[in-house]
Amino acid sequence: MKQIKLSTTGWLLLAAFFVSCQQQPQSNDKKTEMQQRPAYAIVIHGGAGTITRASMTPEKEAAYLAALDSALFLGETVLQNGGTALDAVEKTIVFLEDCPLFNAGRGAVFTHEGRNELDASIMDGTTQKAGAVGSVMTVKNPIRLARAVMDKSPHVFLSGRGAEQFAIENQIDTIDPKWFYTDERWKTLQEMLEAEKTKGKTGSLEPETRDYKFGTVGCVALDKEGHLAAGTSTGGMTNKRWNRLGDTPVIGAGTYASDDACAVSCTGHGEFFIRYAVAHDVWALMSYKGLSLADATDFVVNKKLVEKGGEGGLIAVDKNGNIALPFNSEGMYRAYAKPGERKILIYK
Ligand code: ASP
């Protein structure tokens with residue numbers, strides 16, 4: 001019998017072939033997700049809550065759609081031009097922070113004492129570096145400060161006056177707090193304070209006094225190099241007290257990104273998102289359990305959060321460019337774009 005001689009490379013190739021034959025078959029869901037990796041993908045949100053057609057005027061609806069469209073366009077352009085997912089996320093969120101329609105930056109909600117306290121975070125899926133700021137009152141674009149914390153400090157999370165000092169030292173724009181004033185948010189606070197007085201209640205989190213129109217903003221992106229990033233920015237919840245911080249600046253709760261699986265940005269009743277480490281939970285289900293993005297996000301938002309009573313939603317993109325935008329509230333301002341695909345949505 002003739003003997004077949006194999007070189008070292010030949011043996012390696014043969015071994016690799018056997019190993020690949022023995023690997024677990026992938027579910028159809030996973031296979032389809034992997035086959036269609038687009039050049040880039042971007043998803044944004046402008047908050048989840050009781051957003052119904054009945055509560056909306058045509059003018060208001062048009063304004064929201066136009067703002068989401070412009071924000072998406074900015075991020076998309078960065079990605080189309082070969083920019084990084086991180087830059088796309090930052091630029092998109094800066095735009096949304098400057099838009100008074102959203103509860104972040106300029107349109108931030110008011111605290112019990114009538115102040116605007118802003119929170120934001122950003123995470124780089126490639127390095128797993130992250131930056132976050134909480135309770136800043138004079139920083140025009142908190143997402144920029146979060147990025148500076150990530151890039152220029154040895155820390156992840158800065159808050160209050162120290163964070164504002166860090167902004168000044170790093171040439172991040174600061175501004176008169178009046179910049180954040182909007183009539184609509186002020187009115188909402190007055191209504192909530194009035195409701196508290198008549199009902200004799202305190203705190204912002206009781207169902208009767210909770211402002212359901214949250215309005216936080218967020219963005220997740222996959223760039224042409226296959227890198228992921230996520231960011232989120234908010235004014236928190238109307239009538240919050242005692243320097244309350246929500247999930248938005250908490251890495252793993254409101255924001256998470258890791259190139260090995262996905263990037264996630266959340267919006268909703270922050271206390272629940274912190275308790276159940278929502279953004280990290282999505283990543284963990286994918287990474288440890290092999291769930292698809294669709295299954296992981298559906299489980300967390302529509303099963304776990306619903307069971308626990310946590311209202312809200314999230315946006316996510318995985319390393320193969322699949323996206324998910326689930327929410328368990330009545331609506332969520334949201335939009336996404338991939339090459340040849342673009343959508344802007346509000347209601348269910
Ligand atoms: N999650 C934010 C917070 O609790 C609010 C929101 O998303 O609308 O501060």
Side-chain angles (χ1 to χ4, degrees), residues 45 47 89-90 93-94 96-97 102-124 129-170 172-175 177 179-180 185 189 203-205 211 214-219 229-257 264-280 312 314:
H45 72 74
V89 164
E90 184 184 344
I93 293 182
V94 164
L96 292 166
E97 285 177 339
F102 300 100
N103 170 21
R106 189 144 191 217
V109 298
F110 285 93
T111 65
H112 185 74
E113 298 80 13
R115 293 193 292 260
N116 304 102
E117 295 177 355
L118 314 170
D119 311 328
S121 66
I122 193 162
M123 187 161 185
D124 179 356
K129 285 176 108 187
V133 293
S135 282
V136 292
M137 295 188 292
T138 57
V139 177
K140 181 170 169 282
N141 293 107
I143 196 71
R144 280 213 169 117
L145 184 56
R147 174 96 188 248
V149 171
M150 178 175 84
D151 289 341
K152 298 178 182 167
S153 89
H155 307 299
V156 170
F157 201 170
L158 300 183
S159 68
R161 253 184 264 159
E164 289 171 352
Q165 183 58 34
F166 181 79
I168 294 165
E169 286 170 22
N170 286 277
I172 302 291
D173 285 350
T174 51
I175 205 161
W179 164 259
F180 302 110
R185 302 296 188 200
L189 174 67
S204 64
L205 302 177
D211 177 13
F214 298 110
T216 293
V217 306
C219 178
T232 317
S233 180
T234 192
M237 292 171 91
T238 305
N239 201 22
K240 65 185 182 181
R241 298 172 90 170
W242 310 298
N243 289 123
R244 177 260 188 194
L245 293 166
D247 59 313
T248 301
V250 179
I251 297 299
T255 302
Y256 199 73
V264 183
S265 165
C266 302
T267 174
H269 195 156
E271 281 65 14
F272 290 84
F273 284 70
I274 295 176
R275 285 183 197 127
Y276 305 110
V278 167
H280 185 269
L314 58 82

Open item on the list: Listing request: all salt bridge (Lys or Arg N to Asp or Glu O under 4.0 Å) pairs with a residue in residues 133-143, at least two apart in sequence or in separate chains.
Closed with: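 For residues 133-143, and leaving out neighbouring residues, the salt bridge (Lys or Arg N to Asp or Glu O under 4.0 Å) pairs sorted by first residue read Asp98-Lys140.
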Open item on the list: Does anything in residues 151-165 form a salt bridge (Lys or Arg N to Asp or Glu O under 4.0 Å)? List the pairs, not counting sequence neighbours.
Closed with: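 Residue pairs passing salt bridge (Lys or Arg N to Asp or Glu O under 4.0 Å), neighbours aside: Arg147-Asp151.
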Between [X] and [Y], which heavy-atom pair has the shortest distance, and what is it?
X: Ala130; Y: Met123; value: CB-CG, 4.0 Å
X: Val278; Y: Cys266; value: CG1-SG, 3.7 Å
X: Ala104; Y: Val217; value: CB-CG2, 3.8 Å
X: Gly235; Y: Leu118; value: CA-CD2, 4.1 Å
X: Val89; Y: Ala229; value: CG2-O, 3.7 Å
X: Leu245; Y: Phe157; value: CD1-CZ, 4.4 Å

- [ ] Answer yes or no: is there an ion pair linking Arg106 with Glu97, defined by an N-O contact shorter than 4.0 Å?
- [x]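 No, this pair does not count.
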So does [Y] get a backbone contact from the side chain of [X], meaning a donor-acceptor N/O pair under 3.5 Å?
X: His269; Y: Glu271; answer: no
X: Lys129; Y: Val156; answer: no
X: Asn116; Y: Val109; answer: yes

Task: Donor-acceptor pair between Ser265 and Thr232 side chains, under 3.5 angstrom - done: yes
Open item on the list: Under 3.5 Å, is there a donor on one side chain and an acceptor on the other for Glu117 and Thr111?
Closed with: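 Distance-only check fails for Glu117 and Thr111.
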- [ ] Apply side chain to side chain contact (heavy atoms under 4.5 Å, CB included) to Ala230 and list each qualifying residue two or more places apart in sequence or on a separate chain.
- [x]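 Partners of Ala230 by the side chain to side chain contact (heavy atoms under 4.5 Å, CB included) criterion, ordered by chain and then number, come out as Val220, Thr255, Ala257, Ala263.
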Task: Pairing residues for Ala167 by the side chain to side chain contact (heavy atoms under 4.5 Å, CB included) criterion, not counting sequence neighbours - done: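 With sequence neighbours excluded, Ala167 shows a side chain to side chain contact (heavy atoms under 4.5 Å, CB included) to Val139, Leu145, Ile172, Thr174, given in chain and number order.
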TODO: State which residues pass ring pair (Phe, Tyr, Trp, His ring centres under 6.0 Å) with Tyr256; sequence neighbours excluded, sorted by chain then number.
DONE: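 Result, ring pair (Phe, Tyr, Trp, His ring centres under 6.0 Å) vs Tyr256: His280, Trp283.
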Open item on the list: Going by ring pair (Phe, Tyr, Trp, His ring centres under 6.0 Å), name the residues that satisfy it together with Phe110, two or more places apart in sequence or in a different chain.
Closed with: Tyr181, Trp186
